[in-house]
2 protein chains.
Amino acid sequence: MANWYDPFLQTLEDAQDLADLQTASEQLRDLLNIDHVVYHWVSASGEQYGCGTYDPNWVRHYLEQDYLRVDPVILGCYQRFHPADWKRLDWSSKAARAFMKDAIKHGLGNQGYSIPIRGPKGQFALFTVNHSSDDAFWTTFTENHRRSLILVAYAFNQKALEFEGSADRGPQKGLSPREIDAMTLLAVGYSRAQAATALSISEHTLRVYIESARFKLGAMNTTHAVARAMSQGFIVV
Amino acid sequence: MANWYDPFLQTLEDAQDLADLQTASEQLRDLLNIDHVVYHWVSASGEQYGCGTYDPNWVRHYLEQDYLRVDPVILGCYQRFHPADWKRLDWSSKAARAFMKDAIKHGLGNQGYSIPIRGPKGQFALFTVNHSSDDAFWTTFTENHRRSLILVAYAFNQKALEFEGSADRGPQKGLSPREIDAMTLLAVGYSRAQAATALSISEHTLRVYIESARFKLGAMNTTHAVARAMSQGFIVV
DNA sequence: TTTCCCTTCGCCATAAATGGGGAGGGCCCA
DNA sequence: TGGGCCCTCCCCATTTATGGCGAAGGGAAA
């Protein structure tokens, strides 16, 4: 228990609301003695939530400019599991370099390290530390703190999920085995006729499964039902 | 660096192939002095891979019995982000209890602790420690090792992804913004006509996006395309 | 024991999606 | 500056999906 981060993790675990996470991110920035600490997530329903030490003007500007579509950190981390040093991302497009220039103008450091985190139902979050320094300093910093940052990112996400999860959380009616079979086959490209053949049942029976699955999932059509079944973890494709 | 797990994490990071992960799991079992350590994953394409100290007979039996559909550990962890003590999962169904009885008969301990891990493209993995003990011992054990187990799980997954990723990894042609818009709207239940209206374009134009997205994703139909776009992380619903 | 849910099947009519043509303007990168 | 990709629009014919009606046996839970 001689780690600097154990007490901080405890603070995180004691957080009661999103405001506490905000305070914690500022605290961590001071602990690590770096420019910025940011936690940012996209929930299953597409809502966004972020807390951290970026200038609020930058955050607003970021959203207004729709930088989510440009930001190489988002684009890069979305496809990977490993934490990423910003230097190693793809900055080849003109838009990406312009974005970074704009970011630095708004107070961001030139160095960054982001940890992607994924939750159930397609939740995606990023935990980022940012600083202004030379490469050597940053390499040492990230190597030294890699593991602790993973734990911190994990704890941030755990809390954020906890706060959100307590809100909705319906009864979660599950799908029957046959409904799961049907959804799975449709998700991998089978037409209704093909899926029926694959399951050795009549096409009409298959329709019954699809319709009941659609009803349970509250979906408008088959595509919607499959999408929901996927994002709610009923099927794995 | 006074932790027991830092040298072990180093071992994991030095692993060269899946066999090394197998050895590592045995090593960790002995380090922690518990019955079993298992890492198990399901890749985006539905393939499974596991390594760990379970009796191979049990693994075979598990697959033959299609226990994936019954196992409360899988079912429970798939919906959550937090690590789960097996005691706190849902054992209410008859099938679940029969499954556990069968498991113990094959050498599993009565206590378990599983950490769900998610990667890009819908990858899902579980890292599990298992032991035969009373509740008090297990509670203490999991409380003491929670954080280190998260890091170990993370490291296992990182390596597994690394080994798999080096194999295929196509050029990963991305979708255009409009294609993403189209896929997103379809995924949330819009029909083609509705989606076209929402995007203020003609329905025919929308069709062009759907078809080109389908082509890029190698999908057979719209539902398939949306499913692929979701599991490959192009859209978030 | 009754009630709910799961599984299975059929027919008919309409709405929606797909396949295959063709066409023009714009932007970015080499 | 030319090729490649992106965005936008239109028609026709065919295949496929959906909506609505009804029906029956089996199993598990209450």
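First the proteins, then the strands, lettered A, B, ... as listed; each starts at 1.
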Tell me the interatomic distance from [X], atom [atom1], to [N], atom [atom2], rounded to whole angstroms.
X: A:Y190; N: C:dA17; atom1: OH; atom2: C1'; answer: 21 Å
X: A:I180; N: C:dT7; atom1: CD1; atom2: P; answer: 9 Å
X: B:Q194; N: C:dA17; atom1: CD; atom2: C1'; answer: 14 Å
X: A:L186; N: D:dT16; atom1: CG; atom2: C1'; answer: 12 Å
X: A:K216; N: C:dC4; atom1: NZ; atom2: C1'; answer: 12 Å
X: B:R178; N: D:dC7; atom1: CZ; atom2: P; answer: 7 Å
X: B:N221; N: C:dA16; atom1: CG; atom2: C1'; answer: 14 Å
X: A:E179; N: C:dC6; atom1: CD; atom2: P; answer: 6 Å

Exercise. Is any side-chain heavy atom of B:D102 less than 4.5 Å from a side-chain heavy atom of B:H61?
Worked result: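 A side-chain contact exists here, since the closest heavy-atom pair is under 4.5 Å.
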What pairs with [X] under ring pair (Phe, Tyr, Trp, His ring centres under 6.0 Å), at least two apart in sequence or on another chain?
X: A:Y113; answer: none
X: B:H82; answer: none
X: B:W138; answer: B:F141

Among the candidates [options], find the nucleotide nearest to the side-chain atoms of [X].
X: B:T205; options: D:dC6, C:dA17, D:dT8; answer: D:dT8
X: A:Y209; options: C:dT7, C:dA17, D:dT8; answer: C:dT7
X: B:E203; options: C:dT7, C:dA17, D:dA17; answer: C:dA17
X: B:S202; options: D:dC10, D:dC7, D:dA17; answer: D:dC10

For this session: Starting at CD1 of A:I115, measure out to SG of A:C77 and round the result to the nearest 0.5 Å.
Result: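 If I round to the nearest 0.5 Å, the distance is 9.5 Å.
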Problem set entry | salt bridge (charged side-chain N to carboxylate O under 4.0 Å, His left out) against B:R146, all qualifying residues, sequence neighbours excluded |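 So B:R146 forms a salt bridge (charged side-chain N to carboxylate O under 4.0 Å, His left out) with A:E13.
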Problem set entry | For A:R207, all residues meeting salt bridge (charged side-chain N to carboxylate O under 4.0 Å, His left out), sequence neighbours excluded |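 For A:R207, the residues satisfying salt bridge (charged side-chain N to carboxylate O under 4.0 Å, His left out) (neighbours in sequence not counted) are A:E211.
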For this session: Could you say whether A:I210 or B:L199 is positioned toward the 5' end of DNA chain D, judged by the nucleotide with the nearest heavy atom to each?
Result: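 It is B:L199, whose closest nucleotide lies nearer the 5' terminus.
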Exercise. Within less than 4.0 Å of OP1 or OP2 of C:dC6, is there a side-chain N or O belonging to A:S212?
Worked result: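 For A:S212, the contact criterion (side-chain N or O under 4.0 Å from OP1 or OP2 of C:dC6) is not met.
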Exercise. Could you write nucleotides 19-30 of chain C as a row of B, S and -, 5' to 3', where a protein heavy atom under 4.0 Å of any base atom gives B, of only sugar-phosphate atoms gives S, and otherwise -?
Worked result: BBB---------
